[in-house]
K.L.:
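Please see the structure below; I have some questions.
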Amino acid sequence: YYFSKTYIRLWIPMLRFGCDVEASAVQAKGKRHMDNQEYNQAEYEYSKALNVYRKYLVYANPNKYEPILALLLGEMSELYVKTECLGRAEEKCIEAITIYEKIVKKKTKKIEPKLANMLISLAKIYVKANQLEKAEETYTRAWMLLKRLTDENAEKHIEVLISSLYDCAY
């Protein structure tokens with residue numbers, strides 16, 4: 001009751017900017033911890049960043065922050081693979097894939113290579129968990145997407161395509 005509408009309109013963008021800076025800094029801190037194999041600290045920092053993105057930023061501007069949220073979820077999935085928490089890794093990876101698919105449906109094709117990479121990550125998780133049928137199905141989805149992308153723009157996507165072939169072979 002104490003705040004006028006004008007006052008609130010002025011402070012909301014500033015709050016979002018502060019959250020944006022905080023979340024990206026915390027995410028970077030989590031990445032540094034993961035690179036240093038300090039997995040508990042990395043999980044803590046990633047969880048803090050995830051909370052800010054989910055509560056404030058994606059809600060405020062989904063077009064800008066959903067791709068960043070998906071990237072963060074992918075990093076968390078990678079962390080959980082390294083710590084052998086494959087169920088959690090799968091969960092975060094599937095959530096990232098869902099976000100990327102939602103973005104692609106909005107006709108944002110530039111995100112498709114990231115979707116393909118996340119599908120490959122999920123397939124690797126399935127292989128590690130000895131869920132080979134799911135792995136094959138997921139690799140096939142990634143392969144079909146990469147094949148279509150390569151047919152459309154070979155130079156841009158050939159490296160990802162070759163990398164996925166190598167992953168499928170080993």
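Just so you know, these numbers use all the heavy atoms, side chains as well, and skip hydrogens, waters and symmetry mates. Because the structure is a prediction, the values reported are computed rather than measured.
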K.L.:
Could you tell me which non-hydrogen atom of A96 sits nearest to which non-hydrogen atom of A70, and how far apart they are?
P.N.:
CB-O, 3.5 Å

K.L.:
Linking I/L/V/M/F/W/Y whenever any side-chain heavy atoms sit under 4.5 Å apart, do V104 and I94 land together?
P.N.:
yes

K.L.:
Can E136 and Y126 be counted as having a side-chain donor-acceptor contact under 3.5 angstrom?
P.N.:
no

K.L.:
Flag the pair T138 / I125 as yes when at least one side-chain heavy-atom distance between them is below 4.5 Å, and no otherwise.
P.N.:
no

K.L.:
Taking side chain to side chain donor-acceptor pair (under 3.5 Å) as the test, write out the residues that go with Y100, two or more places apart.
P.N.:
none

K.L.:
So, taking the atom named CD1 in I99 and the one named CE in M118, what distance separates them when rounded to the nearest 0.5 Å?
P.N.:
9.5 Å

K.L.:
Could you measure the distance from the CD atom of E112 to the CZ atom of R148? Nearest 0.5 Å is fine.
P.N.:
4.0 Å

K.L.:
Within the structure provided, determine whether I97 and E101 are in side-chain contact (heavy-atom separation under 4.5 Å).
P.N.:
yes

K.L.:
Among I111, T98, N63, whose side-chain contact (heavy atoms from CB on, under 4.5 Å) with I103 holds?
P.N.:
I111

K.L.:
How about NZ on K55, more than 12 heavy atoms from neighbouring residues, nucleotides or ligands closer than 6.0 Å, or not?
P.N.:
no

K.L.:
How many angstroms lie between atom SG of C85 and atom CD of E91, to the nearest 0.5 angstrom?
P.N.:
11.0 Å

K.L.:
For K29, give me all partners under salt bridge (charged side-chain N to carboxylate O under 4.0 Å, His left out), at least two apart in sequence or on another chain.
P.N.:
E45

K.L.:
Could you work out, with side chain to side chain donor-acceptor pair (under 3.5 Å) as the rule, every residue matching K102, not counting sequence neighbours?
P.N.:
E66

K.L.:
Any chance you could measure N117, atom CG, to L71, atom CG, to the nearest 0.5 Å?
P.N.:
11.0 Å

K.L.:
Minimum heavy-atom separation for A116 and A142, please, with both atom names.
P.N.:
O-CB, 3.8 Å

K.L.:
For the CG atom of L115 and the CG atom of L149, what is their distance to the nearest 0.5 Å?
P.N.:
9.0 Å

K.L.:
Under 3.5 Å, which donor-acceptor pairs link side chains of residues 33-41 to any protein atom two or more places apart or in another chain?
P.N.:
from, atom 1, to, atom 2, distance (Å)
H33, ND1, E38, OE1, 2.6
N36, ND2, R32, O, 3.3

K.L.:
Which pairs of donor and acceptor atoms, one on a side chain in residues 73-82, lie under 3.5 Å apart (sequence neighbours left out)?
P.N.:
from, atom 1, to, atom 2, distance (Å)
E75, OE1, Q27, NE2, 3.3
E75, OE1, Y46, OH, 3.4
S77, OG, A89, O, 2.9
Y80, OH, E43, OE2, 2.8

K.L.:
Give, for atom CG of L50 and atom NZ of K92, the distance between the pair rounded to the nearest 0.5 Å.
P.N.:
5.5 Å

K.L.:
Going by the rule salt bridge (charged side-chain N to carboxylate O under 4.0 Å, His left out), which residues pair with E84 if we only count those two or more places apart in sequence or in a different chain?
P.N.:
K128

